[in-house]
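See below for the structure under consideration.
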Amino acid sequence: MSKLGIIVASTRPGRVGLPVAQWFEGEARTHAGFAEIELIDLAEVALPFMNEPNHPRLARYTHQHTRDWSALVSGVDAFVFVMPEYNHGFNAELKNAIDYLHNEWLYKPVGFVTYGGVAAGTRALQMIKQVIGALKMTPVLEAVNLPFVHQFLDEEEGLLPNEIMTAAAKSMLDELVRLEDNLRPLRPTLEAPHGA
Ligand SMILES: Cc1cc2nc3c(=O)[nH]c(=O)nc-3n(C[C@H](O)[C@H](O)[C@H](O)COP(=O)(O)O)c2cc1C
């Protein structure tokens, strides 16, 4: 059994992304398809704008923050990106975090929990597919898309899901488990980054 990493993409103070991700983490624990689950908050990872001189494919990292991020992503077998939609696209902090690495993402499946207004973050989802394709990641079709996300949020109790959301989360997790299992043989064994 493998490890799921749930990435909280939004880093804004007061972001909705955190309660959405916490709800999804609970669904993933109930589902029990992954032995380990980690909530990865990009606000805590706190990467600066990409400042490595070498292409990430070379894994010649010069900064400790990159080596730490590399170790974290290497240890995860499948991802869920919990993403807002900003100006009809996905947010810059997530793109920055993706761009820091290369080999660490290869042949890993990724599911999406998107949210926003009327479009439920689906425009951001379409946009990110091109980017993850460059890293040979496989997107899971079964997404969770939350329209008018604020309607599901309670200040004390966090996200209050409806049946559609719970069912969508389960479908996504089922597929993530299946894809992870089948992609695993394609994944390269990574050496420790140079300069570690
Ligand atoms: C810079 C910015 C751009 C936004 N653009 C969109 C948008 O294109 N589509 C949409 O549905 N919501 C948009 N919103 C509203 C967000 O869906 C809403 O603020 C949501 O709470 C953002 O997620 P976060 O709180 O996790 O950062 C935008 C919000 C911000 C801050």
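Keep in mind that this is a model prediction, so the values were computed, not measured. Numbering of ligands and ligand atoms starts at 1, following listing order.
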What residue and atom, counting heavy atoms only, is the protein's closest point to [atom], and at what distance?
atom: atom 29 (C) of ligand 1; answer: Tyr86 CD2, 3.9 Å
atom: atom 17 (O) of ligand 1; answer: Gly116 CA, 3.4 Å
atom: atom 25 (O) of ligand 1; answer: Arg12 NH2, 2.6 Å
atom: atom 23 (O) of ligand 1; answer: Tyr115 CE1, 3.1 Å
atom: atom 5 (N) of ligand 1; answer: Asn87 N, 2.8 Å
atom: atom 8 (O) of ligand 1; answer: His88 N, 2.8 Å
atom: atom 18 (C) of ligand 1; answer: His150 NE2, 4.4 Å

Between the candidates Glu85, Arg123, Arg15, which shows the shortest non-hydrogen contact distance to atom 12 (N) of ligand 1?
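Heavy atom nearest to atom 12 (N) of ligand 1 belongs to Glu85.
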So, the side chain of Glu52 versus the backbone of Thr62: is there a donor-acceptor pair under 3.5 Å, distance only?
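Confirmed, Glu52 side chain pairs with Thr62 backbone.
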Could you check Gln64 against Arg67 for side chain to side chain donor-acceptor pair (under 3.5 Å), going step by step and ending with a plain yes or no?
CA-CA 5 Å; Gln64 190 57 41; Arg67 288 193 281 273; 3.2 Å; yes
Interatomic spacing from CD1 in Ile37 to OG in Ser2 - rounded to 0.5 Å
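Answer rounded to 0.5 Å: 10.0 Å.
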Do the rings of Phe79 and Phe81 sit parallel, tilted or perpendicular, given the 30° and 60° boundaries?
tilted
With atoms numbered from 1 as shown, which atoms in ligand 1 lie under 4.0 angstrom from a non-hydrogen atom of Ser10?
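This gives 24 (P), 26 (O), 27 (O) as the contact atoms.
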Applying the 4.5 Å side-chain criterion to the ILVMFWY set and letting contacts propagate, would Leu173 and Val144 be lumped into a single cluster?
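Hydrophobic grouping puts Leu173 with Val144.
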Shared hydrophobic cluster for Leu39 and Phe34 (ILVMFWY, side-chain gaps under 4.5 Å)
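Yes; Phe34 is reachable from Leu39 via cluster members.
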Could you check whether any side-chain heavy atom of Pro48 comes within less than 4.5 Å of a side-chain heavy atom of Tyr100, counting everything from C-beta outward?
yes
Under 3.5 Å between any N/O of [X] and any N/O of ligand 1: does that happen in this structure?
X: Gly17; answer: yes
X: Val16; answer: yes
X: Gly117; answer: yes

Below 4.0 angstrom, N of the basic side chain to O of the carboxylate: do Lys170 and Asp174 qualify?
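Yes, charged N to carboxylate O under 4.0 Å.
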